[in-house]
K.L.:
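Structure incoming, see below.
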There are 2 protein chains.
Amino acid sequence: MNKLLTVIVDDHPIVIEGLKTLLKNEDNLEIVGSFSNAAQLLSYLSRNPVNLILLDVTLPDIGGMELCKMVKEKFPDTTILIISNHTERSIIMQTIQNGASGYLLKNSSLEELRQCITGAIKGTICYSKEVVEIISRPTKNQLRGAPQLTRREKQVLSLLAQGKTSQNIAQELFLSPLTVDTHRRNLIQKFEVKNVAEMIAAAHREQLL
Amino acid sequence: MNKLLTVIVDDHPIVIEGLKTLLKNEDNLEIVGSFSNAAQLLSYLSRNPVNLILLDVTLPDIGGMELCKMVKEKFPDTTILIISNHTERSIIMQTIQNGASGYLLKNSSLEELRQCITGAIKGTICYSKEVVEIISRPTKNQLRGAPQLTRREKQVLSLLAQGKTSQNIAQELFLSPLTVDTHRRNLIQKFEVKNVAEMIAAAHREQLL
DNA sequence: TGAAAAATACCTAAAAACCAGTAGAAAAAA
DNA sequence: TTTTTTCTACTGGTTTTTAGGTATTTTTCA
């Protein structure tokens, strides 16, 4: 089997050197080039065959995200592995959407790197362990999550969103206005907001209205 | 060019089969999955790249509307086409507002479907013929419409939604609290609501926040 | 340039919301 | 059945909003 023709794209020379060293002894892989920006890579690709690209997402000229997309359009048979420090879920998901076959953090072990490369070449998408964690843990928006509301509180919230005053609500629910007031205060505490206006906005964001 | 990776989400197996059959012979599109509820779709999306989602709005678990929004937040590059039987204007408009790239009725022709898919992928929003008719005749709701707000009013509205008091806002905008008060009152009048809480809810409905 | 719209600011007073507690009864969960 | 949560209601006090106005200065645009 031919060796995998591999290039590295990263604007940190140190990272390039590190990867080169790490992969020097891999016998099914040969590093044929390394570039510090997108233009260099594209120029090289148009002249030479490449099987695998190890790509950083932060580059001086084009965002790695777009670059990934461009490369995949022109050279769909080339496998792209993202090697990055970004731990934001959205960025990771986006790169995959743009055609990358995997995502590794720069502190990944050689073992993980090797595993991801072989996986990616076979066509599967491959993440390093930490990345899997990031993907599987819901976003902080979901993490903080909508507060747990009681039945009564939901009722009161909904009536507040209709512009009703405590008195109105009390009449409607056959309660003392003071009780409604308590519910209102508990709601504001649960939502961790300053007043009803902000609470309505928050409730809307959390799809509670 | 790669084939468009397409998934179908509908709780009617018959619709799924129908769409599959219709699209089987499209050579620039490949159906890689079909799901009967939102949870299945989300789980698949987190693991696999998808270019196009054909989505029904009525699903057993989450409303297609919310689902649409969620998907677009997490995977903004995925194109969503709504395929539905709902002919209510508000629903159609809402899906578009939530990030869908088009809306078709289930009785649309293959020709229309094809046209909408190519259009949507290119970034334009695409409706089938009947849907265009529905949209073009405005409803009484649309007649009342969202109020016309001035620049300052929008600012104040936004800050109110953040739970700020008139004093806070005044400081932030270098105004007299009394001025902010005036803006607030004008806003409440324009929205024809009773207080700020209801206004925030209304503003959210009209997609002004 | 002149009219209309928007932004600014003020007054008064009542109504409502917000804050910080407490506490008994009812319902749900352990 | 005991414990916990939820629902109920209260005291007392402060801050903010709301409702009725009026009025000057900027901006905008026709």
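Because the structure is a prediction, the values reported are computed rather than measured. We name chains A, B, ... by the order of the sequence lines, and we start the count at 1 in each one.
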K.L.:
So among A:Q148, A:K190, A:H183, which one has a side chain to side chain donor-acceptor pair (under 3.5 Å) with A:E153?
P.N.:
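Answer to the side chain to side chain donor-acceptor pair (under 3.5 Å) test with A:E153 among A:Q148, A:K190, A:H183: A:K190.
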K.L.:
If you look at every heavy atom in B:M199 and B:L187, which pair is closest and at what distance?
P.N.:
SD-CB, 3.6 Å
K.L.:
Examine C:dT8: is either OP1 or OP2 under 4.0 Å from a nitrogen or oxygen in the side chain of B:H183? Give yes or no.
P.N.:
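Yes, such a contact exists.
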K.L.:
Would you say A:R184 places a side-chain N or O within less than 4.0 Å of OP1 or OP2 belonging to C:dA17?
P.N.:
yes
K.L.:
I need the CG-C1' distance between A:N186 and C:dG21, as an integer number of Å.
P.N.:
12 Å
K.L.:
Side-chain N or O of B:T179 versus OP1/OP2 of C:dT8: is the shortest distance under 4.0 Å?
P.N.:
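Result: no.
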K.L.:
Mapping A:I188 and B:L175 to their closest nucleotides on DNA chain C, which lands nearer the 5' end?
P.N.:
B:L175
K.L.:
Grab the CZ-C1' distance between B:R152 and C:dA9 for me, whole Å please.
P.N.:
13 Å
K.L.:
To the nearest Å, how far apart are B:L173 CG and C:dT8 P?
P.N.:
8 Å
K.L.:
Answer yes or no: does a side-chain N or O of A:R151 lie under 4.0 Å from OP1 or OP2 of D:dT6?
P.N.:
no
K.L.:
Looking at every strand, decide which applies to B:R185 at a 4.0 Å heavy-atom threshold: base, sugar-phosphate, or nothing.
P.N.:
base
K.L.:
For A:K190 and D:dC7, give me the distance from atom NZ to atom P, rounded to whole Å.
P.N.:
8 Å
K.L.:
Rounding to an integer number of Å, can you tell me how far A:I169 CD1 sits from D:dT8 P?
P.N.:
13 Å
K.L.:
Measure from the side chain of A:T165, starting at C-beta and using heavy atoms only, and say which of D:dT18, C:dA17, C:dA9 lies closest.
P.N.:
C:dA17
K.L.:
Quick check on DNA chain C: between B:P177 and A:T182, whose nearest nucleotide comes earlier from the 5' end?
P.N.:
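Nearer the 5' end of the strand: B:P177.
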K.L.:
Are B:S166 and D:dT17 close enough that a side-chain N or O sits under 4.0 Å from OP1 or OP2?
P.N.:
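Indeed, a polar side-chain atom of B:S166 lies that close.
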K.L.:
In whole angstrom, give the distance that lies between atom CD of A:E198 and atom P of C:dA17.
P.N.:
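Result: 17 Å.
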K.L.:
Between C:dA7, C:dC19, D:dT18, which nucleotide has the shortest distance from any of its atoms to the side chain of B:V196?
P.N.:
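For B:V196, the side-chain atoms sit closest to D:dT18.
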K.L.:
Using a cut-off of strictly less than 4.0 Å, decide whether B:S176 has a side-chain nitrogen or oxygen near OP1 or OP2 of C:dC10.
P.N.:
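Indeed, a polar side-chain atom of B:S176 lies that close.
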K.L.:
If you compare every side-chain N and O of B:Q167 against the phosphate oxygens of D:dT16 (OP1, OP2), does one of them come in below 4.0 Å?
P.N.:
yes
K.L.:
Please report the distance, rounded to the nearest Å, between CG in B:L178 and C1' in D:dA23.
P.N.:
13 Å
K.L.:
For a 4.5 angstrom cut-off between non-hydrogen side-chain atoms, does B:L159 reach B:L173?
P.N.:
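B:L159 vs B:L173: side chains touch.
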K.L.:
Any idea which heavy atoms bring A:L157 and A:A203 closest together, and the distance?
P.N.:
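So the two residues come closest at CD2-CB, 4.1 Å.
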K.L.:
Shortest non-hydrogen contact from B:V196 to B:R184?
P.N.:
CG2-NH1, 3.2 Å
K.L.:
What orientation do A:F35 and A:Y44 show, parallel under 30°, tilted 30 to 60°, or perpendicular over 60°?
P.N.:
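Aromatic pair A:F35/A:Y44 classed tilted.
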K.L.:
Look at all strands and tell whether B:N195 reaches a base, only sugar-phosphate, or nothing, counting heavy atoms closer than 4.0 Å.
P.N.:
sugar-phosphate
K.L.:
What is the distance, to the nearest angstrom, from the CG atom on A:L187 to the P atom on C:dA17?
P.N.:
13 Å
